[in-house]
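We use all heavy atoms of the structure for the numbers below, so side chains are in, but hydrogens, waters and symmetry mates are not. Numbering of ligands and ligand atoms starts at 1, following listing order. Here, residue 1 is the first one in the sequence, and each next residue gets the next number.
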Amino acid sequence: MAETQTRTSGWQVAGSAAESYEAYLVPALFRKWATALVDAVGVSSGDRVLDVACGTGAVARSVAARVGATGAVTGIDVNPEMLAVAERASAGTSPTPVFRQADAQALPFEDGAFDVVLCQQALQFMPDAAAAVAEMRRVTRDDGRVAFSVLRSLDHHPVYARFADALAKHVGSTAGDMMGSPFALGDREVLRAFAAAAGLRDIEVRIEVVSGRFPSVEEFVWYEAASSPLAGPILALTEDSRRALVEDVEQFLEPQTDDAGVSLAYETHVVTGRR
Ligand SMILES: C[S@@+](CC[C@H](N)C(=O)[O-])C[C@H]1O[C@@H](n2cnc3c(N)ncnc32)[C@H](O)[C@@H]1O
């Protein structure tokens, strides 16, 4: 997500993909998902919390208010650009989360170092998600809590299936595949098996539905693109091709379009367990 973009011809200028992610997708979606995840796991004053694959820190900031001055929040991510934005965005948060670069599949913490370990919308991007869940359990104290959230499959998000098709048609098959990747770990029994294999107890899988809002179809396309490596290929399109992409998306988003823009429902599995 290091790519720097500029946007021309009526599309606003954006900075890095990490900055766009924080500016666009966190308010539209990830902040709402963070509240659902933290509510599901339950966090108490004084808890030490780890946010695995923290991105720009949406979960870390959401949980900080719950742990209070006697608690502590740590976030890890592999992507230094995401971590740099997380630091800036969390500067006024109390307690201020500590961010560091690390791989979720090999966490650099002692066994049992945290009371609560969370991971939001990231396991689907890891080569060995089962190893990451096992690591989350390892660094949780006895009787501590673990929770992770992963979007349900494209079958439950037909709008994104059509968006992936439109990107494949106008931008290329790699772009289409990329838009499908957040939905690639959508089977709840696979997630339950990860939690069980890691040795978690009291496992519960819930479906949470969160509504996301975008000011217009064009901004929906841009929010998704600017916050990912799709920005470069979309900006490289001719003005006519970009318009054709937006027109295609406008057609299938018509039922989701109202006077305030576009309203979409996102279905996520939230898995909770106890060490
Ligand atoms: C869609 S973002 C979600 C970020 C954050 N959890 C949130 O809710 O905003 C996925 C994140 O997973 C991170 N990631 C992917 N593979 C990782 C790994 N093996 N270890 C740590 N972070 C990883 C990416 O860098 C990215 O920040």
*Output the list of atoms in ligand 1 that are nearer than 4.0 Å to some heavy atom of Gln121, sorted by atom number.*
1 (C), 2 (S), 3 (C), 10 (C)
*Do Val63 and Val210 belong together in a cluster built from hydrophobic side chains that touch within less than 4.5 Å?*
no
*Heavy-atom contacts with Ala102 under 4.0 Å: which atoms of ligand 1 show up? List them by number with element.*
20 (N), 21 (C)
*Residue that, paired with Ser90, satisfies side-chain contact (heavy atoms from CB on, under 4.5 Å) out of Cys54, Pro97, Pro95*: Pro97
*Are any non-hydrogen side-chain atoms of Phe252 and Val159 less than 4.5 angstrom apart?*
yes
*Of Arg145, Arg141, Arg274, which meets salt bridge (Lys or Arg N to Asp or Glu O under 4.0 Å) against Asp115?*
Arg141
*Counting each atom of ligand 1 from 1 as listed, which ones have a heavy atom of Asn79 under 4.0 Å away?*
25 (O)
*In ligand 1, which numbered atoms sit nearer than 4.0 Å to a non-hydrogen atom of Met82?*
27 (O)
_Test item: Leu151 and Gln121 side chains (from C-beta on) under 4.5 Å apart, heavy atoms_ = yes
*Short list, please: which atoms of ligand 1 are under 4.0 Å from a heavy atom of Gln105?*
19 (N)
*Please indicate whether any nitrogen or oxygen in Gln120 is less than 3.5 Å from any nitrogen or oxygen in ligand 1.*
yes
_Cys54 contact mode with ligand 1 (heavy-atom cut-off under 4.0 Å)_ = backbone
*asked:* Show me which atoms of ligand 1 lie under 4.0 Å from any heavy atom of Ala53.
replied: 4 (C), 5 (C), 6 (N), 12 (O), 13 (C), 22 (N), 23 (C)
_Using a strict threshold of under 4.0 Å (side-chain N to carboxylate O), is an ion pair present between Arg213 and Asp258?_
yes
*Would you kindly specify which portion of Tyr21 sits under 4.0 Å from ligand 1, judged on non-hydrogen atoms: side chain, backbone, both or neither?*
side chain
*Geometric N/O contact Ile76 with ligand 1, under 3.5 angstrom*: no
_So for ligand 1, is Val59 a polar contact partner (N or O within less than 3.5 Å, distance only)?_
no
*What's the shortest heavy-atom distance between Pro182 and Phe125, and which atoms?*
CA-CZ, 3.8 Å
*Examine the side chains of Trp33 and Thr268 and answer whether a donor and an acceptor come within less than 3.5 Å of each other.*
yes
_Val221 vs Phe163, side-chain contact (heavy atoms from CB on, under 4.5 Å): CA-CA, chis, key distance, verdict_ = CA-CA 9 Å; Val221 174; Phe163 188 30; 4.2 Å; yes
*Look only at interatomic distance and state if Asp51 has a nitrogen or oxygen under 3.5 Å from any nitrogen or oxygen of ligand 1.*
no
*Is ligand 1 less than 4.0 angstrom away from at least one heavy atom of Val78?*
yes
_Atoms of ligand 1, numbered as shown, that sit under 4.0 Å from any heavy atom of Asp103_ = 18 (C), 19 (N), 20 (N)
